[in-house]
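First comes the structure, then the notes that go with it.
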Amino acid sequence: MLHTFVALVEDKTGLLARVTSLFRRLNVNIISLTVGGTETVGVSRTTIVAEAAEDRAPRIMASLYKLEGVLDVDDVGRHSAVIRELAMLKIAADQSTRSDLFQLAEVFRARIVDLAPESLMLEITGSASKIEGLVQILLQGNYRILEMARTGRMAMRRGHHASNVLEALGDTTPRIDPKTLSGVLKREAPDLLKDENHA
Amino acid sequence: MIMDKREKEAGNHRNSPDTAIYTQPTPLTGAEAVWATLVGEGVRDVFGYPGGAILPVYDALRKFPIRHILVRHEQGAAHMADGYARASGRVGVAMATSGPGATNLVTGIATAMLDSIPMICITGQVSSKVLGTDAFQEVDITGITLPITKHNFLVRRTEDIAPALREAFRIAQSGRPGPVLVDITKDAQQNSAIFDFAAAAPQPYRPHPMLSADSTSIREALELLRTAKRPVILAGQGILHSGAMEQVRALAERTQTPVACTLLGLTAFPASHPLNLGMMGMHGESWVNHAIQQADLLIACGMRFDDRVTGSLSTYAPNAKKIHIEIDPAEINKNVHVDVGLIGDLKEILETLLPRLPGRDGAAWLHAISAMKGDAAVHDIQHLPDNGHLYAAHVINDIWRETKGDAIVVTDVGQHQMWEAQYYKHDRPRSLITSGGLGTMGFALPAAIGAKVACPEKEVWVIAGDGGFQMTCPELATIVQEQLKINIAIVNNGYLGMVRQWQEKFYDKNYEGTPLLSPDFVKLADAHSIQGTHVRHRAEVASAVETARRHPGTFLIDFHVEQEDSVYPMIAPGAALHEMIRRPKQNPLVETATEE
Ligand SMILES: Cc1ncc(C[n+]2csc(CCOP(=O)(O)OP(=O)(O)O)c2C)c(N)n1
Ligand SMILES: [Mg+2]
């Protein structure tokens, strides 16, 4: 199955290589990986979508935590979360086909971001299935996709805090202390044993 | 603080470390900062090999109270640091130059990683100005060692040296230990910066956030312990790391639970203890593996259910509930699914459990296990008639008797390693040093040097095969140069014996690539001014061992043993733990008359 992990890591050279090397070492295939800034200076956020058996998530998380510089790991796929991806598509289109594409874009709430004599560029944000839906329709409609770029998924849990438990307790501590960059580890400990039944 | 060479040679280098720290912030070169930090961390010995990119560090050594042991190959330096750590529990330090010096460390680093050994490797790197240009002897050693270190650092600035090294010491020793590599560019070694040991203190250790031994799981564990009828404790190396020998012993004694050991856990529980069953796994004795297979509760202490101890997973201890006490959350449910995971420091967890554990009458189960032994346990191989053959088992058994089980034994990898595990009875923690996880041939001689440097007062024995010994035997010269006293036993069977055994059992005796020609090891020793002797008969074993022990310098014994002997019992690949190939009846070392 697909797992979606969000890892907050110190923004240091080489850390991304450590993360990807770990997945390779665990023999787990990364489907997508995004890295970018966060609300805390010096902390990067990576969203990793990986293909692995259901019961392997705790071990992947535990192994991520063993990397120096990994501050926080969350298996967001197991919680109510907003998951988004951005894609840009360049599609062959001339005057005769453009208007159909305009309509399609509207249906999918995609935006036209560039227009050229023989092509146009669409930008679409949404769940992976929405993007795949658009691609499918384009292909069925015999449009030629000249180029496609997808960011891979980004994910964020719903609500104020990463942990619903903390939220219920009214805890508003930030997860990472901006001064020391050490994690404020009050979140529920991931239960290593609860996946046993999936073995 | 800074002492000159003569004082150092006079032996003052064993000063307590804190007398040698710069207590005030002081301007130092990066090279000096390396040594000053090591001194501050309590390091007294470093195993290394110089070269261009680490030369500034070597140049600064004369000012510091640290002994440098020149090795003959950097792999040796890594194994020595590893053996040093295994023997003493302190962090071992190896040093090498950039490029080939660094890559030569790799096998030693991987060996330490697989066995969770705290070790630091310091490598020189080309100047930061040319980093990334394929400069002479530039190699991306932090990239290469990424998957085989617990962590590594590339240090480009002088002021980062002390913090990186101190962090490295913290990481190597905390949680589940492991090797850390610190790669330092030549310009960082040459430039100067203010050295402030205290200010370079590492971040406090943050325990792994997934540690969990909460009241619920403790209660569940207690319940399982209370109700078990056929419990077995599985003792691993984590007991040594955690220093939980007393607690495991208390657990065993209080609950009258027999103990089975992993290879690396053999010294974590006294061999002579009546509750010690012996080694489990691929070459474990039959009753040990049967006890595990028939158990209704396994209490795994600081071990990781390696494939060498489980046999086929689908048939492993099918009726047993499992409690896994382990510091590394990534080991829980990895190979074997457990019922209760207590994740944290073993000693702390056992101290929580013990006061809540009532005593227990284990007689019935212990009796059943004794019955499984048949008369195996009463066989003393010394009493078997001398049939003119010299068996490795006799050699090792004699070394054990002559040394009264008191030596630190450092083995290589192969049949002799398994025979050592079977016939040398270890009663003291850290008295067996062996490469378990990686199974690195060539480990024994250098690791023994490290052990001897760490514990000079101890009697140290190398037990190596004729194959593995030849992988690192140039370190004989290191022994001589450092004036060390080590006893070396070569179990010479003319084969890469363990591989030959597999060929015999699983490849139709097609002995391809395993017959092995060796030099005359006694002459090889002689070339190093090391004394030695050949032993071909059983009657000569004990006296040769005695001669070696009494000899003031290093002594080598070349034991010419039975060539096509095999290690039994043995579990074939893919077989279940109880499906052992037993000792053949005509073998003089028959373990039991009551074969199943
Ligand atoms: C560096 C390395 N290469 C290859 C092996 C595979 N291997 C395992 S045991 C063994 C034979 C060892 O022969 P020897 O040192 O003579 O010991 P014996 O088994 O004969 O006691 C080999 C080749 C290994 N473990 N390590
Ligand atoms: Mg051999």
Side-chain angles (χ1 to χ4, degrees), chain A residues 7-8 10 12-28 52-75 162-163 175-177 179-199, chain B residues 113 116 131 140 142-154 156 164 167-168 170-172 174-176 178 180 183 202-214 216-217 220 313-314 322-324 326-344:
Chain A
L8 298 179
E10 285 177 30
K12 282 190 181 157
T13 30
L15 200 53
L16 189 59
R18 288 179 203 283
V19 170
T20 50
S21 164
L22 171 69
F23 278 82
R24 205 169 58 117
R25 183 150 44 106
L26 295 177
N27 191 22
V28 173
E54 180 155 19
D55 65 343
R56 294 197 63 190
R59 175 147 192 260
I60 295 172
M61 283 182 75
S63 304
L64 276 166
Y65 269 126
K66 289 198 324 185
L67 299 177
E68 292 295 320
V70 169
L71 303 167
D72 190 84
V73 186
D74 195 6
D75 183 0
S163 159
R175 272 186 301 157
I176 304 298
D177 178 345
K179 283 198 279 307
T180 64
L181 289 192
S182 58
V184 179
L185 302 160
K186 288 198 199 151
R187 301 183 324 127
E188 72 214 281
D191 189 347
L192 285 170
L193 301 165
K194 73 181 167 204
D195 292 309
E196 214 186 1
N197 304 335
H198 305 299
Chain B
M113 182 69 176
S116 309
L131 205 57
D140 174 16
T142 46
I144 290 172
T145 58
L146 198 101
I148 55 164
T149 49
K150 197 173 164 195
H151 191 62
N152 60 26
F153 295 86
L154 170 56
R156 283 169 255 228
E167 190 79 17
R170 199 265 298 155
I171 294 168
S174 57
R176 178 175 179 174
V180 180
D183 194 27
Q203 293 270 326
Y205 164 56
R206 279 195 297 132
H208 194 294
M210 288 161 82
L211 299 189
S212 82
D214 54 23
T216 322
S217 40
E220 286 168 2
L313 285 171
S314 56
K322 289 151 194 119
I323 300 173
H324 195 180
E326 163 63 44
I327 187 106
D328 182 356
E331 291 296 347
I332 306 290
N333 288 334
K334 183 179 81 175
N335 296 340
V336 169
H337 281 268
V338 297
D339 299 272
V340 179
L342 298 174
I343 316 167

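What you are looking at is a predicted structure, and each value in this text was computed from that prediction instead of being measured. Residue numbers start from 1 in every chain, and the chains themselves are labelled A, B, ... in the order their sequence lines are given, proteins ahead of strands.
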CA sep, side-chain torsions, deciding dist, call: B:N152, A:R18, side-chain contact (heavy atoms from CB on, under 4.5 Å): CA-CA 10 Å; B:N152 60 26; A:R18 288 179 203 283; 2.8 Å; yes

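- With rounding to the nearest 0.5 angstrom, the CZ atom of A:R56 is 12.5 Å from the CG atom of B:N333.
- Contact record, B:A330 with A:K66: CB-NZ, 4.1 Å, taken as the closest heavy-atom pair.
- When all heavy atoms of B:M210 and A:P58 are compared, the closest pair comes out as CE-O, 3.5 Å.
- Taking a 6.0 Å sphere around CZ of A:R25, one finds it holds more than 12 heavy atoms contributed by other residues, nucleotides or ligands.
- Heavy-atom minimum distance, B:L146 versus A:A17: CD2-O, 3.7 Å.
- There is no contact between B:D214 and chain A, counting heavy-atom distances below 4.5 Å.
- Between B:R206 and A:V70, the shortest heavy-atom distance links the atoms NH2-O, 3.8 Å.
- Not one N or O on the side chain of B:H208 forms a donor-acceptor pair closer than 3.5 Å with the backbone of A:Y65.
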